[in-house]
2 protein chains.
Amino acid sequence: MVTLKQVAAEAGVSTSTASSALRDLDIVRPETKRRVIEAANRLDYRINTSARALRSGRSDIFIAIIPDLDNQYYARFANALSNALSDRGKRLILQISRYDGDTELRQIRSIDPSTCDGLFVCSIANSGKVLHDAAGSIPVLMFDDMSGTADAYYDSIETPGQGGTAAAINHLVNECGRRRIGVVGALADRHDDGSLARALRTNRCNFALQALRSHGLADERSLIACDWSVDAGIDMAHRLAAQGMPYDALCCMNDELALGIMRGLAEEGINVPDAVAVTGFDGITSGSYTTPTLTTVAVDFEGMAQTGTAMMEQQVERLAANDTTPIMPQRVIVGFQLLKRESTLGRTATTGFTTRPR
Amino acid sequence: MVTLKQVAAEAGVSTSTASSALRDLDIVRPETKRRVIEAANRLDYRINTSARALRSGRSDIFIAIIPDLDNQYYARFANALSNALSDRGKRLILQISRYDGDTELRQIRSIDPSTCDGLFVCSIANSGKVLHDAAGSIPVLMFDDMSGTADAYYDSIETPGQGGTAAAINHLVNECGRRRIGVVGALADRHDDGSLARALRTNRCNFALQALRSHGLADERSLIACDWSVDAGIDMAHRLAAQGMPYDALCCMNDELALGIMRGLAEEGINVPDAVAVTGFDGITSGSYTTPTLTTVAVDFEGMAQTGTAMMEQQVERLAANDTTPIMPQRVIVGFQLLKRESTLGRTATTGFTTRPR
DNA sequence: GTGAAAGCGCTAACAG
DNA sequence: CTGTTAGCGCTTTCAC
């Protein structure tokens, strides 16, 4: 293996100069820099990142803990995050928690700071406080932290629950003329304090209800408790059909659930959107080619990843500079776009069926 | 940060003994081992992996280069691979090549062996030879190596092109009574030698044609050139419809393509499977909840990942042991299961539409 | 079985 | 601007 020492010898400089040159520090004369770089190329030198990390304390490696890549939401997220980091010369290790809070904690505890500059966590079970105890001094950025605003430990990025559900509900009411709208995806509480209200407060359902209320359309039947999964959606569609389908629109809290709902309704022979309009949330790709295509709140995954890496970088800098001035954890809400497709608009006569709404 | 030195002090042993104890080497007395482990737990010691990698030459980190995680096939693959490695105490870095052969090579060249014990590559553009030049001494395992058997440089794992397409074709012929079967997904050649025959020889289309031939159903119209993507599938469906749909079944070379075909056929008002039966290949999740659900050759992703990590481990051992005895690269073909669903069977009268074929 | 010492390849501190 | 020196935390000889 070619070492820095050999490159330095080849270029006729000392190892420290070679090191500085390859890191493009300004203290090296351009001419010297060039000689070193050429020598490195000639020898096909590759830096030993372990040695660098050991000495400098920075590995340029980050870890993302994600429930499952078979869920398209997380897959797109991981994709965007990996690309965003890659564009900045950093690498991403993926750890799959399999939707298990304990696995997640175990994975975090096994991380050593020397090979991980920072941690991105999509937790479905652990609060910032719990993560903090496990992560120690490692910078952490959370995504859709559901543990409440009062005890925010870390910077976090949120999907646009308020704006997104409002846009979906407005669309259903104003453009589709729906009045009996169900909000599908209320979560059974999974938090320690056992209060359903608390979990709800911080999640999309609550915002959707607010939006319904603003139209004077909220009642005790507005909220439908349901897991955010395809299978749960299918089951729920059958259950609602058995009740005579008391809704003319179902505003689903994520796309997988919405696609399950659509499948279940198809099995029941209930037409979407004529009998029931359906909206999703996330903007995963498969909603663009199902029949009917799914109207959904498309989250800006790339923006989420860009912002996330930028925020993370700040934290890393702060840590490196030993800056311990207390700061408030930031919360950033990412952008979205309401994609109006067939599950609310139908196959419009003018466009027929020949263009694919994206 | 707690170092091994501190753990050793706490346990009242030397650092080397502490090191051996924590690595569970047999040379340490059980009693001593216990003391060291307790000390480590007490201090919440986490090994500095950079230092370990620098000294030992092993990082327990692997890299997978994958075209895109928004493609469900690769997402499931990455998921399975990450889990398989995780189960063995190893980590996976994901690099997204964005379907670009040059990006892929650049990523491989930037890898340094000290932080990467081995490389998993899903290449869509580079042959084993080209990868070999870029990867140097790093162990590599390829997935669906399309560069031909003659110049195999690395161990590889293949999806079951022959068995899978044969199963799909047999199903279409014997159980669905189809005779005018199109094989969708012939690839334009992307290899250096410019021979279409070469790329074909090694891909699924060829095996599908073989299967058709065995039923006496192959002719010059059997093969339909088409990209393996949703959009290409939609376009192709329209094009075939414009030709009066000369097929009663379309055997698609992957699921995304098949789902695109189904979407396009729906736009054309062509019923699946009554007018045209459709089969896919891969077994991605969304085929289980589209309407109709997709009959497909479901690849054993977990088996693929398990076998892959095992084969990789062998290579790593060989390298560590400096075993240079020449060996033939292995090729392993993973298992599959033909999932018979609505896109070929229809919504059977008995089960109605109430159960979801998985 | 255990400890002392050397050193993996690099960067940071300082001297020139 | 460049070189010398020290040492990051660990594993690996090799004595004992």
Side-chain angles (χ1 to χ4, degrees), chain A residues 1-37 39-40 43-61 111-117 137 319-322, chain B residues 1-37 39-40 43-61 111-117 137 319-322:
Chain A
M1 196 180 34
V2 180
T3 68
L4 184 59
K5 212 166 156 185
Q6 295 172 43
V7 174
E10 172 87 8
V13 296
S14 73
T15 56
S16 61
T17 302
S19 172
S20 304
L22 290 176
R23 279 180 292 151
D24 201 26
L25 298 188
D26 285 337
I27 55 170
V28 182
R29 206 169 354 126
E31 157 64 14
T32 316
K33 221 177 250 182
R34 197 183 49 69
R35 281 219 324 278
V36 173
I37 291 169
L43 299 178
D44 192 25
Y45 168 72
R46 301 179 198 192
I47 191 168
N48 184 317
T49 48
S50 298
R52 181 170 62 87
L54 176 59
R55 187 60 238 242
S56 71
R58 299 260 288 250
S59 61
D60 286 345
I61 292 178
I111 293 172
D112 100 279
S114 83
T115 350
C116 173
D117 289 355
S137 62
L319 187 70
N322 239 315
Chain B
M1 195 180 38
V2 181
T3 68
L4 183 60
K5 212 167 156 185
Q6 296 171 42
V7 173
E10 172 87 8
V13 296
S14 72
T15 56
S16 59
T17 303
S19 172
S20 305
L22 290 176
R23 280 179 293 151
D24 201 26
L25 299 188
D26 286 336
I27 55 168
V28 182
R29 205 166 358 122
E31 157 64 13
T32 316
K33 222 178 251 183
R34 196 183 50 70
R35 280 216 327 277
V36 173
I37 290 168
L43 300 178
D44 191 26
Y45 168 73
R46 299 179 199 191
I47 191 169
N48 184 316
T49 47
S50 298
R52 182 170 61 88
L54 176 59
R55 187 61 237 244
S56 70
R58 298 260 288 251
S59 62
D60 285 345
I61 292 177
I111 293 171
D112 100 278
S114 83
T115 351
C116 174
D117 288 356
S137 62
L319 187 68
N322 238 316

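Letters A, B, ... mirror the listed sequences (proteins, then strands); counts begin at 1.
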What contact category does [X] fall into here, base, sugar-phosphate, or nothing, at under 4.0 angstrom with non-hydrogen atoms?
| X | result |
| --- | --- |
| B/R23 | base |
| B/S16 | base |
| A/S114 | nothing |

Counting only side-chain heavy atoms from C-beta out, which of [options] sits nearest to [X]?
| X | options | answer |
| --- | --- | --- |
| A/T32 | C/dC10, D/dT11, D/dT2 | D/dT2 |
| B/A51 | C/dT11, D/dC10, D/dC1 | D/dC10 |
| B/R55 | D/dG9, C/dG1, C/dG9 | D/dG9 |
| B/S14 | D/dT11, C/dA4, D/dG3 | C/dA4 |
| A/T15 | C/dT11, C/dC10, C/dG3 | C/dT11 |

Could you give the [atom1]-to-[atom2] distance, from [X] to [N], as a whole number of Å?
| X | N | atom1 | atom2 | answer |
| --- | --- | --- | --- | --- |
| B/N48 | C/dG9 | CG | P | 17 Å |
| B/L54 | C/dA6 | CG | P | 18 Å |
| B/D60 | D/dC10 | CG | P | 15 Å |
| B/K5 | C/dG3 | NZ | C1' | 14 Å |
| B/M1 | D/dC8 | CE | C1' | 8 Å |
| B/R34 | C/dG1 | CZ | C1' | 16 Å |
| B/R35 | C/dG1 | CZ | P | 14 Å |
| A/L43 | C/dG9 | CG | C1' | 15 Å |

Do [X] and [Y] have side chains that get closer than 4.5 Å, going by heavy atoms?
| X | Y | answer |
| --- | --- | --- |
| A/L22 | A/I37 | yes |
| A/V13 | A/V36 | yes |
| B/N48 | B/T3 | no |

Quiz item: How do B/S56 and A/S20 order along DNA chain C: which one's closest nucleotide is nearer the 5' end?
Solution: B/S56
Under 4.0 angstrom between [X] side-chain N/O and [N] OP1 or OP2:
| X | N | result |
| --- | --- | --- |
| B/T17 | C/dT2 | no |
| A/Y45 | C/dC10 | yes |
| A/R52 | C/dG9 | no |

Quiz item: Between B/T17 and B/T32, is a side-chain contact (heavy atoms from CB on, under 4.5 Å) present by the stated rule, with each step listed?
Solution: CA-CA 9 Å; B/T17 303; B/T32 316; 4.0 Å; yes
Quiz prompt | B/K33 side chain to B/D26 backbone, donor-acceptor under 3.5 Å | solution = no
